[in-house]
Each structure stands twice: as C-alpha cells, then as structure tokens.
Amino acid sequence: MPDANSPASGPFFQALFESAPGLYLVLDPDLRIVAVSNAYLHATMTRREDILGQGIFAVFPDNPDDPEATGEANLRASLQRVLDTGAPDAMAVQKYDIRQPENEGGRFEVRYWSPVNSPVLGTDGDVRYIIHRVEDVTEFVRLRDEGSERALATAELRQRAEAMEAEVFLRGQELQEANARLREAGEVRAAAEAQTRAILESIGDAFVAVDREWRLVYANERARSLALSTESLLGSTLWTSYPDLADPTSKARYEEAMAASTPTSFEVETSARGWLEVRAYPTRDGFSLFFSDITERKQMEADLEDANRELETFSYSVSHDLRAPLRAIDGFADLLVNRHLDGMAPEAVEFLGLIREAAKRMSLLIDDLLEFSRLGRHDLQRSPCDVRALVDEAIAIVQPPGAPGIVDFIVHDLPYCEADVPLVRQVFVNLLSNAVKFTRRAPTARVEVGARVSGSPQDPVYFVRDNGIGFDMTYVERIFGVFERLHVQEEYEGTGVGLATVRRVVERHGGRVWAESAPDAGATFFFTLGGSE
Amino acid sequence: MNTGPVEILFVEDDPADVRLTLESFGDNHLANRVHVARDGAEALEYIFCTGRYADRQIADVPKLILLDLKLPLVNGLDVLEAIKRDARTRAIPVVVLTSSRENPDIQRAYQLGVNSYIVKPVNFEQFREAVLTVGLYWAVMNEPPGPDHGT
C-alpha cells in the first residue's frame with residue numbers, strides 16, 4: 001500500500017509537483033486548469049483555489065487596455081497544435097500582461113513569457129493533459145530592450161565611429177594623394193634635375209659651378225677630366241683643382257666678374273690643355289663656368305692668319321714685282337718710238353704700239369686683281385649708308401662732270417642701309433660703269449638706279465638698270481666670275497673683274513646679287529646687303 | 001752745274017727702272033749728278049760713309065734721296081729709319097719712289113718721317129713726268145738746310 005509520504009504515492013507526487021521551482025500549469029484537453037505549481041501561482045499573483053477547474057482563458061484574459069495583445073490567440077493556437085499533434089510546442093516570447101488581484105488595484109502588469117506546451121499522453125496515445133510551462137522573461141526582455149538601447153547607442157557610436165573612420169579614411173586618402181602628388185612632383189623635379197645633369201654631363205664643354213668662395217659645387221664629366229685630381233674635387237677651390245686657370249690675370253678677371261655679378265669671357269692658354277675659352281655667368285649662389293677647348297680654333301685662326309699674311313705678301317709682290325717689268329716694257333717701247341722713229345718701218349711702229357697696249361692692259365688687270373684681293377682682307381665696317389649720296393658720287397666717277405653727257409641717269413628714292421660705305425660705293429661704280437659701257441651704242445642711253453622693298457624693310461633690293469645691249473641669260477652665272485667676259489676686248493674693254501668684285505662685296509655683306517637681261521633688251525642688276533644684321 | 005757734287009742718291013735695284021729714271025733725268029741735265037745704290041746696304045754705306053764709301057765725308061750730304069722700298073739686303077723702310085734717326089742725316093729730303101701702294105708701307109714711311117711718297121706709274125710717260133717733277137723740285141727748286149753745326 002503506498003504511503004502518502006512515500007515518493008511513489010499520489011499526495012507525495014502532488015506535493016513534489018506543486019513545490020517544483022518551475023512555473024507549471026496542467027490543463028485537461030478542455031483547457032481547464034487541473035494543477036498548478038506554487039511558483040506559477042506566485043508569478044501570476046493568483047491563488048490555487050481561485051483558478052483550479054477554471055478555463056485558462058477565463059483566468060488569463062488579454063489585457064483589454066492593450067489593443068495589440070495577441071497572447072490569448074497565440075496560446076490557444078499553440079495548445080490546439082499540441083492537442084492535434086500530440087507533440088510539444090514551444091511558443092515565441094509572449095507579452096501577456098497579468099492582472100493584479102482586485103484588492104491590490106486589479107491593474108495589468110506588463111509581463112513577457114516564454115511558454116512551452118507539452119502533452120501528457122495516455123496509454124492509447126491520446127493527449128490526456130497538457131503541461132503548460134512558462135518562464136517569466138519580463139526581466140530578460142526588459143534587459144534585452146535596455147540592451148538594444150545600448151546596442152542602439154553602440155550602433156550610433158559605431159556609426160559615428162564609422163563616420164569618423166570614413167573621415168579618417170578620406171583624410172588618409174587625401175594625404176596619400178597629396179603624398180603621391182608630392183612624390184610625383186619630387187619625381188618630376190628629380191627627373192628634371194637628372195635631365196639637366198645629363199645635359200650638363202653630355203655637353204662637350206667643361207662645366208663647373210662654384211660658390212662665392214670659389215669652391216666647386218658641381219663639375220661635369222668633361223670638367224672632372226680636366227681637373228688636376230678628381231679626388232675630393234667638390235669642395236675644393238677652382239684654383240687648386242684648375243691651377244691652369246689661376247694665373248693672376250685671369251684670376252683678376254674672375255674676381256672682377258664675381259664682384260660685379262656680370263658675365264665675362266676670355267681666352268686663356270693653359271700649359272697642359274692648350275687654349276681654353278672661359279665663359280663665366282653669375283648665378284644666385286656663385287658662378288657657372290664653361291671651359292671650351294678652342295685649341296683647334298686657335299690653330300685654325302693662326303693658319304688663317306698665316307694664309308692672310310701669305311696673301312698679303314703675294315699681293316705686295318704682285319703690286320711691286322709685276323709692275324716693274326711692265327714699266328720697262330712700256331718705257332723702252334716709248335723711248336724706241338720717241339728717239340728712233342726715223343727710218344723705222346711703219347709695221348715696227350705698229351708693233352711697238354701693240355706692245356705698249358698690252359703692257360697697259362696687264363697693268364689694269366693687276367690693279368683690278370689687287371683691288372679684288374684687297375676686298376677679302378678688308379674688315380667690313382657697317383655704318384649708316386646714304387645710298388643716294390653714294391650713287392651720285394659713283395655717277396661722277398663713271399661720267400665725270402663736264403664730260404659729254406650722253407647718258408641719261410635716272411635716280412629714284414634710295415633707302416639708307418647699314419653697310420661698308422667705300423665698298424658699297426665701289427659696287428655702284430662697277431655696276432654704273434658697266435651700264436655706261438654697254439649703252440654706248442644705244443641711240444639714247446638711259447641708266448636707272450632704284451630700290452624696292454621685298455621682305456624686310458631693313459634689307460631693300462637695290463637695282464641698276466640700263467637699256468644697253470644686254471646679254472643672253474644662258475651666261476648669267478659666268479658674268480660674276482673673275483676675268484669672265486662676254487665680249488671681245490675691241491668691242492667692250494674691261495678686265496672681267498668688275499662684277500666679280502660686286503659679288504664679293506655683296507656676299508661679304510651677307511646679301512646676294514643677281515641679274516635679268518636679254519640680248520638687246522638692256523640689263524638689270526639687283527643686289528641686297530644683308531640688312532642691318 | 002753738271003760737274004757739281006752728287007745731288008741725288010738714287011736707291012734702286014731694278015736696272016730697267018734705273019735706266020728709265022736716268023733717261024728721264026737725262027733730258028733735264030740731272031742724270032750725271034745722280035749716284036745709284038743698288039741695295040739697302042750700299043745706300044747706308046754711302047750715306048754714313050762706311051765700307052765702300054768710307055772715304056766720303058758725311059757732311060757732304062745729297063740734296064735728295066730717292067728710295068725704293070723693296071731692296072736687297074736692307075729694305076727701304078729700314079734705310080729710311082736709319083736716315084731719320086740720325087741727327088746728321090735727318091734733314092736730307094727722302095722721297096720714296098716705289099711700286100707699292102700698300103697702305104701699311106705708306107703709313108710706316110710717313111711715321112718714319114718720309115718727305116714724300118710716290119707710287120711709280122706703270123705708264124712710262126707718267127713715270128717720266130713724276131720722277132722729273134720730284135728731281136727738279138727737291139734737287140733744284142728746294143732750298144736745303146745749311147751744314148749742321150749742332151752736336
């Protein structure tokens with residue numbers, strides 16, 4: 001017989017159930033309350049005698065003040081599922097407010113519950129009872145809600161932090177970009193520097209930079225090769241590394257240029273390096289110096305000087321030695337005719353005349369040749385040239401005043417130019433004497449002098465035009481050659497040097513000369529004088 | 001007059017020029033009072049009475065020296081310089097008679113104190129006229145300074 005106090009007796013199980021710490025309610029299939037644990041009663045502020053035998057929904061209705069209450073409906077659905085399936089059903093956390101007892105005010109208290117409904121099956125498998133177990137999770141939900149607020153705050157913080165991070169990231173990126181730009185600028189500068197350096201290294205000239213104390217701050221490859229020693233070159237003074245450049249005269253010139261901050265250049269003959277041309281330019285921090293090896297140029301200049309001297313000697317000997325025999329030929333032929341004419345055959349007299357003519361002609365050739373060679377040696381001296389006055393002088397020379405004026409000279413406006421006055425006068429004399437010569441047979445000889453501007457106003461084209469016999473343009477290139485003539489001596493005298501001289505003068509001025517003509521249609525000679533440079 | 005002392009020292013190496021010059025003078029009775037020196041060294045010996053002319057008296061100065069520039073041994077400009085540097089001979093009129101119209105020669109001759117510079121014309125008629133004019137002017141018309149009693 002089971003003892004009521006034995007663990008297996010009915011009252012014992014009831015006492016055990018009612019004292020269990022969990023919140024349990026036992027319902028019959030009609031959802032009437034058949035048993036309840038003390039903890040449940042306590043949590044729902046109910047008394048056992050008030051709720052046993054009652055329908056669950058009568059005891060725990062929805063809070064009528066909460067229009068959104070779904071507790072009852074949810075619980076009913078869950079219990080029905082247990083009845084239908086005979087399987088436990090766990091419900092989501094429910095808000096199921098609890099009404100206080102009438103004597104405590106009968107108000108509803110907010111509660112959250114986590115219910116699980118489990119069936120108690122009979123031997124036939126039918127659901128005899130449902131154990132409705134709940135956990136009061138109000139505190140948990142409250143904490144959770146608070147937690148979500150915190151989470152919210154955290155989220156906000158996180159958001160702010162993220163915003164800050166984004167900001168930091170952006171700033172970082174900007175910084176990175178700025179750095180990149182800086183790096184790029186640095187690279188550009190470095191590239192420019194490298195390029196400059198490469199240029200300085202590759203130039204044939206030696207290049208050094210010195211500070212105000214004449215200490216070397218840079219020397220290119222060529223300069224390094226010229227230095228006394230390449231060891232500790234930078235930092236040493238110009239004078240110790242390049243003692244060749246330090247002779248007192250040159251040194252004084254550097255010092256002077258440095259003091260005045262003006263560029264200077266001069267040539268210096270060094271013991272080991274031959275001739276150097278030194279060009280010094282002031283810089284912000286000192287001086288840049290270029291040394292060019294001009295030994296070759298100096299040698300060429302010396303050669304040229306030698307050649308010029310030789311030419312001078314030649315001219316001298318031509319003018320002196322070739323004239324003397326001519327004078328003898330002419331002189332003795334003259335004496336022969338004058339003193340021994342009596343009894344001389346007429347043919348002998350004629351021959352003597354021809355000898356004298358030839359001598360005279362050779363004398364002219366020598367004079368012209370000398371004049372021509374002198375042009376090459378003559379230093380060109382440009383000055384303002386009153387061309388009109390020069391032409392008037394030239395006309396007076398080719399047709400002296402008082403001589404029968406058979407040529408009609410027409411002189412147009414002639415602009416000034418920068419040229420060597422005596423040489424330009426010679427050009428006009430030669431061109432005008434040609435013009436006069438070749439219009440000799442014209443019924444009305446006319447010679448025109450003028451100028452036109454084509455291209456630079458500083459470089460007018462002058463011309464001399466005649467209405468003489470002209471020439472075939474086939475020979476136009478030949479007429480400017482030395483001793484070139486288009487006519488036999490008996491027809492038109494001349495040595496063939498006049499136009500060669502014209503070309504020489506014009507070309508030395510940097511100008512050019514050309515001609516237009518046709519047989520019996522006159523000739524026009526054009527020339528320029530290279531402007532004022 | 002024809003037997004008087006030498007009045008013209010003619011320094012010229014070209015025999016043709018010597019002959020032509022003398023022929024030119026001849027017509028005017030100057031030729032036999034001309035002494036010809038054929039190079040610069042002989043000219044200096046004659047003027048300063050040394051070497052071949054040691055027995056000459058330096059005070060016996062010619063009235064005129066006609067001087068070519070391009071001469072054997074000592075050139076004309078050096079001869080000119082020696083004459084003009086020496087107080088005893090400085091007063092002798094010296095006329096350069098040369099074929100050279102090179103400007104440096106002309107400049108140098110005047111710097112050294114030449115009295116005249118004549119470029120010999122190639123044409124004989126002009127040449128004769130030039131040497132005659134010079135000879136007559138300096139040897140006949142010009143009044144030379146008296147003997148130098150200084151130094």
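This is a predicted model, so every value here is computed, not measured. Letters A, B, ... are given to chains in the order of the sequence lines, protein chains preceding strands, and every chain is numbered from 1.
- By the side-chain contact (heavy atoms from CB on, under 4.5 Å) test, Val134(B) pairs with Leu64(B), Leu66(B), Val95(B), Ile118(B), Trp138(B), sequence neighbours left out.
- Counting only heavy atoms from C-beta outward, the side chains of Asn123(B) and Arg356(A) approach each other to under 4.5 Å.
- At most 12 heavy atoms of other shown residues, nucleotides or ligands fall within 6.0 angstrom of atom CZ in Arg19(B).
- Leu335(A) approaches Leu20(B) most closely through the heavy-atom pair CD1-CD2, 3.8 Å.
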Using the salt bridge (Lys or Arg N to Asp or Glu O under 4.0 Å) rule, take Arg327(A) and Asp14(B) through it: C-alpha gap first, then chi angles, then the decisive distance, then the call. CA-CA 11 Å; Arg327(A) 188 163 45 251; Asp14(B) 187 327; 5.6 Å; no

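- Going from atom CG of Asp17(B) over to atom CZ of Arg323(A) covers 12.5 Å, rounded to the nearest 0.5 Å.
- Within a 6.0 Å radius of CD in Gln111(B), more than 12 heavy atoms belonging to other residues, nucleotides or ligands are found.
- A 6.0 Å sphere centred on CE of Met344(A) holds more than 12 heavy atoms belonging to other residues, nucleotides or ligands.
- When heavy atoms are compared at a cutoff of 4.5 Å, Pro15(B) does not approach chain A at all.
- Scanning all heavy atoms of the two residues, the minimum distance from Phe124(B) to Asp334(A) falls at CD2-OD2, 3.0 Å.
- Within the model, atoms CD of Gln126(B) and CG of Asp330(A) stand 9.0 Å from one another, a figure rounded to the nearest 0.5 Å.
- In this structure Lys360(A) satisfies the salt bridge (charged side-chain N to carboxylate O under 4.0 Å, His left out) test together with Glu357(A), sequence neighbours excluded.
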